Enquirer: 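Dropping a structure here in structure tokens format, bear with me for questions.
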Amino acid sequence: MPTFQAPRGTTDRLPPEQKYWRYIESKAMDVARRFGYGRIDSPMFEDAGLFVRGVGEGTDIVEKEMYIFEDRGGDMLTLRAEGTAPVCRAYLQHGMQNQAQPVRMYYICPVFRYERPQAGRFRQHHQFGIEAIGDPDPSVDAEVIELAWTFTHDIGLSDITLVTNSIGDPECRPEYIRSLKSYYEKQQTHICQDCKGRLERNPLRLLDCKVETCRALGEEAPKSTECLCADCDTHWNRVQSYLDAMGIANRVDHRLVRGLDYYTRTVFEIQPAVEGAQSTILGGGRYDGLIEQLGGRHTPGIGFGSGIERLALNVQRAGVDVPDEPSPQYLIATIGEEARVEGVRLANSMRAIGVGAILANGGRALRGQMRQANALEVSSVLILGEDEVRDGTVMVRDMATSSQEAITTEAFLTGLRSG
RNA sequence: GCGAGCAUAGCCAAGUGGUCGAAGGCGCCUGUCUGUGGCACAGGAGAUCACGGGUUCGAAUCCCGUUGCUCGCCCCA
């Protein structure tokens, strides 16, 4: 064991894995561009109260998963525990209610939660997320879901399912929760120990219990979509008809509820086909009460978050053909100290005009330097020895064809400049 | 927070009490080829066998503790 290791639940992302991230991030940025979402980067830590007020005091995230600390000035801060609350905070702080609504923003950033790590779950993970704030219209729900669906397909995932539900709003949800509770209270003897606690603390979560008998009960439980008030019902039906119009198939699952308190009306997730507990790759919903909760005027909003580690895992599993990071183009091999100086000078000139060049390990024989070129998969090697230094030339060897020719250094650089 | 499994070089790993001053493979370095890669061959470097304690004449191997990792539950991306 080395003296120091990356902290539990964190990982080093090494060069060979970078291509997956570059791929996913570039697809994310491109889909955001097409839908008119602008990037926002918020701080990695925030006032602890932001998450307590936003996400909800009773949630697991706030209760036991936040990285919370007091800084040297005595402020209570929290490493970003989720993506939506900071964006809403920024919306308020910068007076974005004065922009054309909705304000569309996306982010790619790390998220921190103190959890036991396992497959697809980390203490520091990364999310691509979007938020559309300031418009209650169901077409925005449909747009956000369309963006999610487009994005997951753009990165090459096709064996995935979109699951949707509506959990109502403050007007109709209390009534729904009452009927849910009374249904489960009659089944007291059949539900698991955890669910007995949920009955008091968070009745909605009774629905997504994994225990077999509880699952069966959940199937038969009252459905939130059947208890919606008139406004929520209209909203829900419109979202569904817009999704229909776009041909986006979704499975309505009345057991889909989400763990953050701020959700209202539309909630949705995208799940891959593979079995496994940590399978959800994207999840979101509407949060019409959140901005008010954070001290602003009543402002509707909707968005989603998507875990990049889980996306990368699924991209690899699906065998998606991800383009390789470009390998360096030129390696400069030198023989002897005089040539070494020329090599340093040449590399400097090449880099100055924007061409990639790396100097071979000079302590090695030419043979060893060539082996290095091969290992690095460079396309060409520039060889500098006594002859080249004397003649002011460079030997350009094409590694694919094994052909080489000497040309003057000046001509070589001119060739590079002209492309 | 709860439960289970695992821990031998950078990576994969053999080994289940003495023949281990630890096999093999990948990777790395050198040479065969004194200025030329991929292949082959030869050689080399690299391991407090996670850490601490115990049992034993003897421990990588058995026992206990610690730490770490992995997987599952909870929850979530």
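Only a predicted model underlies this, so the values are computations on that prediction, with no experimental measurement involved.
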Enquirer: According to the Watson-Crick and G-U wobble definition with distances under 3.5 Å, which dot-bracket string, read 5' to 3', encodes RNA chain B, using [ ] for crossing pairs and | for pairs with another strand?
Expert: ((((((((.[[[..)..(.....]]].(((((.......))))).....[[[[[..)....]]]]])))))))....
Enquirer: Identify all side-chain donor-acceptor contacts of residues 247-260 of chain A below 3.5 Å with residues at least two apart in sequence or on another chain.
Expert:
unit_1   : atom_1 : unit_2   : atom_2 : d
A:Asn250 : OD1    : A:Thr164 : OG1    : 2.6
A:Asn250 : OD1    : A:Gln240 : NE2    : 3.2
A:Asn250 : ND2    : A:Gln240 : OE1    : 3.4
A:Arg251 : NH2    : A:Asp253 : OD2    : 3.3
A:Asp253 : OD1    : A:Arg255 : N      : 2.8
A:His254 : NE2    : A:Gly218 : O      : 3.0
A:Arg255 : NH1    : A:Glu219 : OE2    : 3.3
A:Arg258 : NH1    : A:Glu269 : OE2    : 2.8

Enquirer: Just call it for A:Arg113: base, sugar-phosphate, or nothing, with non-hydrogen atoms closer than 4.0 Å on any strand.
Expert: base
Enquirer: At a heavy-atom distance below 4.0 Å, what parts of residues 140-153 of chain A sit against RNA chain B?
Expert: none
Enquirer: For nucleotides 29-36 of chain B, read 5' to 3', which letter fits each nucleotide if B means a protein heavy atom sits under 4.0 Å from the base, S means only the sugar-phosphate is that close, and - means neither?
Expert: SSBBB-BB
Enquirer: Pick the nucleotide of RNA chain B nearest each of A:His125 and A:Met399; which residue has the one closer to the 5' end?
Expert: A:Met399
Enquirer: Which part of the nucleic acid, if any, lies within contact of A:Glu269, taking any heavy atom under 4.0 Å across all strands shown: a base, the sugar-phosphate backbone alone, or nothing?
Expert: nothing
Enquirer: Would you please name every residue forming a ring pair (Phe, Tyr, Trp, His ring centres under 6.0 Å) with A:Tyr183, sequence neighbours left out?
Expert: none
Enquirer: Residues in ring pair (Phe, Tyr, Trp, His ring centres under 6.0 Å) with A:Tyr20, at least two apart?
Expert: none
Enquirer: Taking only residues two or more places apart in sequence or in another chain, which ones pass side chain to side chain donor-acceptor pair (under 3.5 Å) with A:Asn361?
Expert: none
Enquirer: Using distance alone, with no hydrogens and no angle criterion, decide if A:Asp137 and A:His235 have a side-chain donor and acceptor under 3.5 Å apart.
Expert: no
Enquirer: Checking all strands, does A:Asn374 fall into the base, sugar-phosphate, or nothing category for heavy-atom contacts under 4.0 angstrom?
Expert: base
Enquirer: Could you tell me whether the phosphate oxygens of B:C76, OP1 or OP2, come under 4.0 Å of any side-chain nitrogen or oxygen in A:Arg205?
Expert: yes
Enquirer: Any salt bridge (Lys or Arg N to Asp or Glu O under 4.0 Å) involving residues 83-94 of chain A? Give me the pairs, sequence neighbours left out, ordered by first then second residue.
Expert: A:Glu46-A:Arg89
Enquirer: Would one find a side-chain N or O of A:Arg8 under 4.0 angstrom from OP1 or OP2 of B:C69?
Expert: yes
Enquirer: Is a donor-acceptor contact shorter than 3.5 angstrom present between the side chain of A:Arg310 and the base of B:C76?
Expert: yes
Enquirer: Return the set of residues passing ring pair (Phe, Tyr, Trp, His ring centres under 6.0 Å) with A:Tyr106 (not counting sequence neighbours), or none when no residue passes.
Expert: none
Enquirer: Between A:Gln118 and B:U70, is there a side-chain N or O to OP1/OP2 distance below 4.0 Å?
Expert: no
Enquirer: Using residues 328-338 of chain A as the side-chain source, report each donor-acceptor pair under 3.5 Å to any protein atom, sequence neighbours left out, with the distance given to one decimal.
Expert:
unit_1   : atom_1 : unit_2   : atom_2 : d
A:Thr334 : OG1    : A:Arg340 : NH1    : 3.0

Enquirer: Once salt bridge (Lys or Arg N to Asp or Glu O under 4.0 Å) is applied, what residue pairs with a partner in residues 365-378 of chain A remain, sequence neighbours excluded?
Expert: none
Enquirer: Would you please name every residue forming a ring pair (Phe, Tyr, Trp, His ring centres under 6.0 Å) with A:Phe268, sequence neighbours left out?
Expert: none
Enquirer: Taking any heavy-atom pair under 4.0 Å as a contact, classify A:Phe122: base, sugar-phosphate, or nothing.
Expert: base
Enquirer: Counting only side-chain heavy atoms from C-beta out, which of B:G1, B:C28, B:A77 sits nearest to A:Ala375?
Expert: B:C28
